[in-house]
Amino acid sequence: MDKTATLCLLFLFTFLTTCLSKDLCNQNDKNTLLKIKKSLNNPYHLASWDPQTDCCSWYCLECGDATVNHRVTALTIFSGQISGQIPAEVGDLPYLETLVFRKLSNLTGTIQPTIAKLKNLRMLRLSWTNLTGPIPDFISQLKNLEFLELSFNDLSGSIPSSLSTLPKILALELSRNKLTGSIPESFGSFPGTVPDLRLSHNQLSGPIPKSLGNIDFNRIDLSRNKLQGDASMLFGSNKTTWSIDLSRNMFQFDISKVDIPKTLGILDLNHNGITGNIPVQWTEAPLQFFNVSYNKLCGHIPTGGKLQTFDSYSYFHNKCLCGAPLEICK
């Protein structure tokens with residue numbers, strides 16, 4: 001091998017070694033992450049967070065590309081033996097787009113106020129923890145937020161009406177908490193795409209705001225609350241809704257003239273006080289799940305479509321409903 005070839009190989013080896021050993025992680029981000037680790041009592045779950053290594057290679061993290069100088073863009077901590085509260089230092093990761101603390105049963109305290117500093121945040125997922133306190137109003141300051149999940153916690157108080165001002169929100173998942181009060185009237189006027197709305201397994205009460213009838217939800221789940229009154233405004237043959245779950249509330253309205261969306265695949269109305277006859281128009285929907293049991297429905301179950309594909313338990317315990325799959329009408 002001549003001298004030129006040797007020098008070329010030596011240069012290539014040096015170049016590759018330098019590239020492979022280069023610490024891409026921003027030093028400010030690394031310092032912040034090490035503070036977060038310390039605040040969480042240095043859990044084994046974060047054992048890869050070694051100050052001698054590149055933080056972009058650490059577990060639970062993602063860094064952006066060169067366009068953002070390899071800043072930390074995602075912090076996802078889940079299913080670990082971690083105790084304590086959400087560290088205040090999470091607010092010192094300015095390029096963060098995804099923040100997840102999930103399935104951490106020993107995570108306590110309130111939702112950390114410094115999260116309001118994360119102006120690039122697109123996903124905030126704090127679920128399956130023991131977080132307490134209210135849903136903070138400052139979440140409405142996160143104008144790039146697309147997905148908010150705060151389910152399976154012990155959050156209490158009312159739902160902030162300001163959440164409806166989030167211009168890019170695509171999903172609001174607030175199920176399985178201890179939320180009280182009514183559904184905000186403002187939830188009938190989201191500025192952008194109508195988000196999926198999941199508020200099930202809480203203690204929400206009162207009627208559904210009539211304003212919710214003005215928008216076209218893809219998925220709406222209000223099940224297992226203490227809601228009452230008329231919910232017919234959520235329906236309409238001109239809408240494109242796929243899933244409606246109003247089960248186990250105290251709704252009372254007549255469904256006889258309620259048209260459902262021709263796109264509806266999931267409809268659950270069980271355990272309410274709903275009256276009337278099932279309209280023939282309901283046979284036009286491509287239903288995959290259907291339950292109207294434990295209501296006060298009457299009359300003949302319309303034939304055709306999907307209504308006869310469900311078993312008797314989907315219609316069980318109504319006032320005087322009859323026809324297949326129930327007994328023949330007399």
Side-chain angles (χ1 to χ4, degrees), residues 14-131 135-136 138-150 153 166-171:
T14 303
F15 174 78
L16 289 174
T17 302
T18 302
C19 288
L20 290 172
S21 63
K22 184 180 180 181
D23 192 340
L24 297 176
C25 182
N26 177 273
Q27 190 60 47
N28 290 333
D29 287 353
K30 176 180 275 191
N31 292 340
T32 296
L33 292 166
L34 292 173
K35 290 177 182 177
I36 291 173
K37 181 183 179 182
K38 183 179 180 181
S39 180
L40 293 173
N41 302 308
N42 299 307
Y44 179 76
H45 196 65
L46 304 181
S48 68
W49 291 24
D50 182 345
Q52 303 303 316
T53 61
D54 180 9
C55 81
C56 290
S57 67
W58 293 355
Y59 184 59
C60 302
L61 288 180
E62 290 181 19
C63 291
D65 58 22
T67 60
V68 292
N69 297 317
H70 305 285
R71 300 298 295 262
V72 173
T73 56
L75 175 59
T76 304
I77 301 178
F78 62 94
S79 299
Q81 296 299 313
I82 289 177
S83 301
Q85 301 186 11
I86 298 175
E89 289 83 4
V90 296
D92 296 328
L93 296 170
Y95 285 80
L96 211 59
E97 296 179 6
T98 298
L99 177 60
V100 177
F101 284 88
R102 187 168 186 265
K103 290 195 173 182
L104 304 169
S105 59
N106 293 322
L107 191 70
T108 59
T110 59
I111 297 176
Q112 177 56 243
T114 59
I115 290 174
K117 296 161 61 178
L118 302 174
K119 302 305 182 183
N120 291 304
L121 206 61
R122 297 169 60 187
M123 174 186 285
L124 177 59
R125 195 174 191 183
L126 310 174
S127 60
W128 297 81
T129 74
N130 273 310
L131 292 175
I135 297 175
F138 66 69
I139 290 177
S140 63
Q141 300 173 28
L142 304 174
K143 299 304 182 183
N144 285 303
L145 202 62
E146 297 174 2
F147 184 88
L148 174 64
E149 182 187 3
L150 303 176
N153 291 299
L166 291 167
K168 298 181 180 180
I169 196 70
L170 300 176

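Values reported hereafter were calculated over all heavy atoms of this structure, with side chains retained and with hydrogens, waters and symmetry mates removed.
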Nearest heavy atoms of [X] and [Y], plus distance in Å:
X: Gly109; Y: Gln85; answer: CA-CD, 4.0 Å
X: Ala74; Y: Leu96; answer: N-CD1, 3.6 Å
X: Phe147; Y: Ile169; answer: N-CD1, 3.9 Å
X: Thr110; Y: Leu131; answer: O-CD2, 4.0 Å
X: Leu33; Y: Trp58; answer: CB-CZ3, 3.8 Å
X: Gly64; Y: Val68; answer: CA-CG2, 3.7 Å

Reported [atom1]-to-[atom2] distance for the pair [X] and [Y], which is rounded to 0.5 angstrom:
X: Asn153; Y: Ile111; atom1: CG; atom2: CD1; value: 7.0 Å
X: Ser127; Y: Glu149; atom1: OG; atom2: CD; value: 4.0 Å
X: Thr98; Y: Leu124; atom1: OG1; atom2: CG; value: 10.0 Å
X: Gln141; Y: Leu166; atom1: CD; atom2: CG; value: 10.5 Å
X: Ile77; Y: Leu126; atom1: CD1; atom2: CG; value: 11.0 Å
X: Asn26; Y: Tyr95; atom1: CG; atom2: OH; value: 8.5 Å

Any donor-acceptor N/O pair, [X] side chain to [Y] backbone, under 3.5 Å:
X: Ser48; Y: Tyr59; answer: yes
X: Asn130; Y: Ser105; answer: yes
X: Glu89; Y: Lys35; answer: no
X: Thr32; Y: Leu93; answer: no
X: Lys30; Y: Thr53; answer: yes

It should be assessed whether the SG atoms of Cys63 and Cys55 lie less than 2.5 angstrom apart. no

Crowded around [X] [atom1]? As in, over 12 foreign heavy atoms under 6.0 Å?
X: Arg122; atom1: CZ; result: no
X: Gln27; atom1: CD; result: yes
X: Lys38; atom1: NZ; result: no
X: Phe78; atom1: CZ; result: no

Margin query: Are the side chains of Asp92 and Thr114 in contact, using a 4.5 Å heavy-atom criterion?
Written below: no

Side chain proximity check, Leu142 to Leu148, heavy atoms < 4.5 angstrom:
no

Next item on the list: Please report the C-alpha distance between Thr73 and Asn120 in whole Å, then the side-chain angles of each, then the deciding distance to 0.1 Å, and finally whether the side-chain contact (heavy atoms from CB on, under 4.5 Å) criterion is met.
Entry: CA-CA 9 Å; Thr73 56; Asn120 291 304; over 6 Å; no

- Query: Which is it for Ile139 and Leu150 under the side-chain contact (heavy atoms from CB on, under 4.5 Å) test, yes or no, and what are the steps along the way?
  - Reply: CA-CA 11 Å; Ile139 290 177; Leu150 303 176; 4.2 Å; yes

| Going through the checks in order, is the side-chain contact (heavy atoms from CB on, under 4.5 Å) test met by Phe101 and Val90? | CA-CA 11 Å; Phe101 284 88; Val90 296; 4.2 Å; yes

